[in-house]
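Got a structure for you, written out below as structure tokens; questions coming shortly.
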Amino acid sequence: MGKINNVTVFIFWGLSQNPVIEEVCFVVFSFFYAIILLGNLLIMLTVCVGNLFTSPMYFFLNYLSFVDICYSSVIIPNMIVDFLAKSKTISYVGCMSQIFGVHFFGCTEIFILIVMAYDRYVAICRPLHYMIIMDQNRCNKLLLGTWVGGFLHSIIQVALMVQLPFCGPNEIDHYFCDIHPVLKLACSDTYIVGIAMTANTGTIVLGSFITLLISYAVILVSLRKQSAEGRRKALSTCASHIAVVTIFFGPSTFMYMRPNMTFSEDKMVAVFYTIFTPMLNPLIYTLRNAEVKIAMKKLWDRRVFWTTMASNMKS
């Protein structure tokens, strides 16, 4: 039999069916999304105005902020609109596009975190060769690799999903299209497809997490040879990276390192890695990084200068 698709629209259950709670969520998550946009845009502006692109760490931090904006924008705007909508719907094409976007930007972020860990390893363990190893050409190639890796991962996920027939029901017990809740709606045996998707995502999540743990373990061991000031500076930088890795990989491991099944906690866990992680990243990197603070202060001083000049010209 060929593939039969009677479903052209999916309906989300959302975070809650209580109208009062949904109105509160509309305000709260709109505020969160504004913080994500402003925080990550501020980091990108700081890197640009502060001319920090010459440093590989800030070069990759700039693109991490860009990916965080894209990643959250795939989910949150639609989620916010749905809080006030009577019917929370998304088209079949929109659902597949959302799956692609979530996995594309999510996987790209994982690879950028790995590249940033490699950058810290070279900076701390091979400082004399750092600028030779991490030259602009290599940074560009590493960045391109993160985008290509994210694309290949997400296109495999979507290719496995679109071959499945959906003939009803069409209600998704979630607030966005994710692998496990959408697979439940397919009207065919999804055991093999579920295993393939879990293997694809799980290999990346677990492999990347282990790679990052080993990288930072090697870095921390090598810090014993550093001076007290060198250890303090390196630990401050690595602490922010480790915090981001922990926040991102904890919920991701719970969601994707398991068989094809859903739990009642899934939506709350998904809120953490789709909303809180992109929101906390700018705060973590700002509060733990003295150079970013200095660049932001220069940016603020420049803004104050131009505001004062504009006021004087008007008067």
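We count residues from 1, following the sequence as given.
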Quiz prompt | Candidate pair Met79 and Phe176, rule side-chain contact (heavy atoms from CB on, under 4.5 Å), full reasoning | solution = CA-CA 7 Å; Met79 174 189 182; Phe176 72 98; over 6 Å; no

Quiz item: Could you give all pairs that pass the ring-ring contact (aromatic ring centres under 6.0 Å, His included) test and reach residues 105-135, with sequence neighbours left out?
Solution: none

Self-check item: Member of Thr274, Ile179, Val74 meeting the side chain to side chain contact (heavy atoms under 4.5 Å, CB included) criterion with Val102
Solution: Val74

Quiz item: When rounded to the nearest 0.5 angstrom, what distance separates SG in Cys177 from CG in Asn78?
Solution: 8.5 Å

Quiz item: Would a 4.5 Å heavy-atom cut-off, applied to side chains only, mark Ile204 and His103 as touching?
Solution: no

Quiz item: How close do Phe10 and Ser91 get, heavy atom to heavy atom, and via which atoms?
Solution: CD1-O, 4.4 Å

Quiz item: Can you name the ring-ring contact (aromatic ring centres under 6.0 Å, His included) partners of Tyr175, sequence neighbours left out?
Solution: none

Quiz item: Looking at Val115, Leu64, Asn140, which one forms a side chain to side chain contact (heavy atoms under 4.5 Å, CB included) with Phe59?
Solution: Asn140

Quiz item: To the nearest 0.5 Å, what is the distance between CG (Asp173) and CD1 (Ile11)?
Solution: 13.0 Å

Practice problem: With rounding to the nearest 0.5 Å, note down the distance linking CG in Leu42 to OG in Ser65. | Solution: 9.0 Å

Practice problem: Would you please classify the geometry between the Phe209 ring and the Phe249 ring as parallel, tilted or perpendicular, with 30° and 60° separating the classes? | Solution: parallel

Self-check item: Heavy-atom side-chain proximity of Asn62 to Ile43 below 4.5 angstrom
Solution: no

Quiz item: Is the shortest heavy-atom distance from the side chain of Leu142 to the side chain of Asp119 under 4.5 Å?
Solution: no

Self-check item: pair Met197-Met161: side-chain heavy atoms closer than 4.5 Å
Solution: yes

Practice problem: Would you please classify the geometry between the Tyr273 ring and the Tyr71 ring as parallel, tilted or perpendicular, with 30° and 60° separating the classes? | Solution: parallel

Quiz item: Which distance, rounded to the nearest 0.5 Å, do you find between the CZ of Phe60 and the CZ of Arg120?
Solution: 10.5 Å

Practice problem: Could you walk me through whether Thr146 and Val67 pass the side-chain contact (heavy atoms from CB on, under 4.5 Å) test, one step at a time? | Solution: CA-CA 11 Å; Thr146 65; Val67 170; over 6 Å; no

Quiz item: So do the side chains of Val193 and Leu164 get within less than 4.5 Å of each other, counting heavy atoms only?
Solution: yes

Quiz item: For the atom pair CE (Met44) and CG (Asn40), what is the distance rounded to the nearest 0.5 Å?
Solution: 8.0 Å

Quiz item: Mind checking whether Phe100 and Phe104 have parallel, tilted or perpendicular rings, split at 30° and 60°?
Solution: parallel

Exercise. State plainly whether one hydrophobic cluster holds both Val9 and Trp13, where clusters connect Ile, Leu, Val, Met, Phe, Trp and Tyr through side-chain heavy atoms under 4.5 angstrom apart.
Key: no

Quiz prompt | Interatomic spacing from CG in Asp82 to CD1 in Ile76 - rounded to 0.5 Å | solution = 13.0 Å

Exercise. Just grab all the ring-ring contact (aromatic ring centres under 6.0 Å, His included) pairs involving residues 16-37, residues at least two apart or on different chains.
Key: Phe29-Phe32, Phe29-Phe83, Phe32-Phe276

